[in-house]
Structures are given as C-alpha cells and as structure tokens.
Amino acid sequence: MTSQAKHIVIAVDGPAAAGKGTLSRKLAVHYGLKHLDTGLTYRATAKALLDRGLPLDDEGVAAETARALDLSGLDRTVLSVHEIGEAASRVAVMPQVRQALVEAQRAFAGSASGAVLDGRDIGTVVCPDALIKFYVTASPAVRAKRRHDEITGNGGSADLASIQADIEKRDARDSERADSPLRPAADAHLLDTTEMGIEAAFEAARRLVDAALER
Ligand code: C5P
C-alpha cells in the first residue's frame, strides 16, 4: 500500500541537532507528505514575545501569542538563530503555551494525506497514534560539531565548546520539564546518528516505514 492510499503520520523526536529535521524533510519528500518542524512553532512564539519586548515567562501573554500564530508563516532562516532556540525552550515549559501549539500541530497532522512532524513530544503527546515513531539521537559532542559546522558553513563564527554547553543546557531543560518532557515513546524506533550518516539513517527509517505501510 502506498502513502497516497491512507492517512499516515510519521513522528520524529529527539534532542537538539540530532539530525531529526533533515531526516524528516527527506521522509516527507519521499512519501509525498507535508512536513512540520514543531520547534519552529515554539521559536516563533518566543520571537514574537522578544520582538514586542514582552517577558518570556508570563504564561497568559505567551499562550495568547501562541494561539495567534500562523503556521504558514514560519521562516526557518529567521527563526534558526541560537538565541531564539534558547528562548523557545523557556517558553516551551509553560503548559498553556504547549496546549495552544499542540492543538495547531494536531490540526496540521490531520490534514491532507498525512504529515511528518518533528519535535520533542510528537510520539508521546501530539500524535500518540502515529503510524510510526522515530527517536533520533547522537552524542552531545557530535551534535555540537554538526551545529558548529552548519554555522561556520553559512559564513558565521562559532565556538564549539560553548555550543556544546548550550546544547546540554537546552537538553536538560527539555528533559526535566514537568509537561511533555523530551523522552522516546515506548514504541519509538531509536536511530543513533553518532556514527551513522544522514543517508544511512534515512535508509533505515525508510525500510521501517515501508514495513509499517505493508501491515
Ligand atoms: O527543535 P528546536 O531546536 O527548533 O526546538 C526549540 C525548542 O522548542 C526546544 O529546545 C524545545 O524546548 C521546544 N520544543 C518543544 N516541543 C517540540 C518542539 C520543540 O518543547 N515538539
């Protein structure tokens, strides 16, 4: 059976810079599905607050901002800067913000022929009934190196040690929060990309999705 024949949702979770975005985009193209990087929804909420000079920790204001978000206007280039990632993980601890964004993410997942969503809580909270779930991880050193190379490759300058420290701090905040902490769903397939290139990870994921589609 092909992806066109039934509504399919692919959930991809994992810590920062593990390769889940690249993997998700490749899966979306391969199966003809829409893709949502849910991290961008938290980043856009944080950026809207910062732009208006509003505090990041006022739950009512942040939730209102999250509810007003237009998913079609998320600009990856603008939102990918490091400071916004840090602010996003602070905004993401607030349950009312999560509730507003999860609602929008579920609506996205339910539309058209299906979707690939990547984030921290897709398999556990947003789409617990997804056809298939992946948890993509890699060692903090490898993740920091990838983020570093991405920044320098785009002409920026970056310090490897401080990137790794920031990644570890964000992982800790994401894993230790009370609402929807970062963790693999019980039925997620683990993909450790520490040694594996993205092509190999994609091939492994594709075989698992094909098998799930046959069931
Ligand atoms: O994946 P990305 O680095 O863009 O995510 C930014 C932040 O948004 C994460 O550190 C996390 O705190 C939050 N996030 C989340 N749940 C998601 C996606 C992202 O809490 N599903």
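Owing to the predicted nature of the structure, the values given are computational and were not obtained by experimental measurement. Read the numbers this way: they start at 1 and go in the same order the structure lists the ligands and their atoms.
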Those atoms of ligand 1 less than 4.0 Å from some heavy atom in [X]:
X: Asp121; result: 16 (N), 17 (C), 21 (N)
X: Ala92; result: 12 (O), 13 (C), 20 (O)
X: Arg43; result: 2 (P), 3 (O), 4 (O), 6 (C)

(message) Once you measure the plane-to-plane angle for Phe134 and His189, does it fall in the parallel (<30°), tilted (30-60°) or perpendicular (>60°) bin?
(response) tilted

(message) Would Arg177 count as a contact residue for ligand 1, given that I'm defining contact as a non-hydrogen atom of the residue lying under 4.0 Å from a ligand atom?
(response) yes

(request) Answer yes or no for Arg173: is there a heavy-atom contact with ligand 1 below 4.0 Å? (result)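 For ligand 1, residue contact (heavy atoms, under 4.0 Å) with Arg173 is absent.
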
Look at [atom] and say which protein heavy atom is nearest, naming residue and atom and giving the distance to 0.1 Å.
atom: atom 1 (O) of ligand 1; answer: Arg120 NH1, 2.9 Å
atom: atom 12 (O) of ligand 1; answer: Asp174 OD1, 2.6 Å
atom: atom 18 (C) of ligand 1; answer: Thr38 OG1, 3.4 Å
atom: atom 16 (N) of ligand 1; answer: Arg98 NH2, 3.1 Å

(request) Test Arg206 against Asp210 for salt bridge (Lys or Arg N to Asp or Glu O under 4.0 Å), laying out the working first. (result) CA-CA 6 Å; Arg206 191 186 55 76; Asp210 283 349; 3.1 Å; yes

If you define the side chain from C-beta out and look only at heavy atoms, does anything of [X] sit under 4.5 Å from [Y]?
X: Arg147; Y: Gln164; value: no
X: Val93; Y: Asp179; value: no
X: Pro95; Y: Glu59; value: yes

(message) For Arg170, which part has a heavy atom under 4.0 Å from ligand 1: side chain, backbone, both, or neither?
(response) side chain

(request) Record the part of Gln105 in heavy-atom contact with ligand 1 below 4.0 Å; permitted values are side chain, backbone, both and neither. (result)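 For Gln105, there is no contact with ligand 1 at all, from either part.
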
(request) Start with the C-alpha gap between Arg173 and Ser89, add the side-chain angles, then the distance that decides, and say whether side-chain hydrogen bond (donor to acceptor under 3.5 Å, both in side chains) holds. (result) CA-CA 7 Å; Arg173 192 185 285 140; Ser89 83; 2.5 Å; yes

(message) With a 4.0 Å cut-off on N to O distance, would you call Lys145 and Asp149 a salt bridge?
(response) yes

Based purely on interatomic distance, does [X] place a nitrogen or oxygen under 3.5 Å from a nitrogen or oxygen of ligand 1?
X: Asp118; answer: no
X: Tyr42; answer: no
X: Asp37; answer: no

(request) Check the pair Glu64 / Arg67 against salt bridge (Lys or Arg N to Asp or Glu O under 4.0 Å), numbers first and verdict last. (result) CA-CA 5 Å; Glu64 200 180 307; Arg67 278 192 289 272; 5.6 Å; no

(request) Among Asp13, Asp187, Asp121, find the residue that satisfies the salt bridge (charged side-chain N to carboxylate O under 4.0 Å, His left out) test when tested with Lys133. (result) Asp187

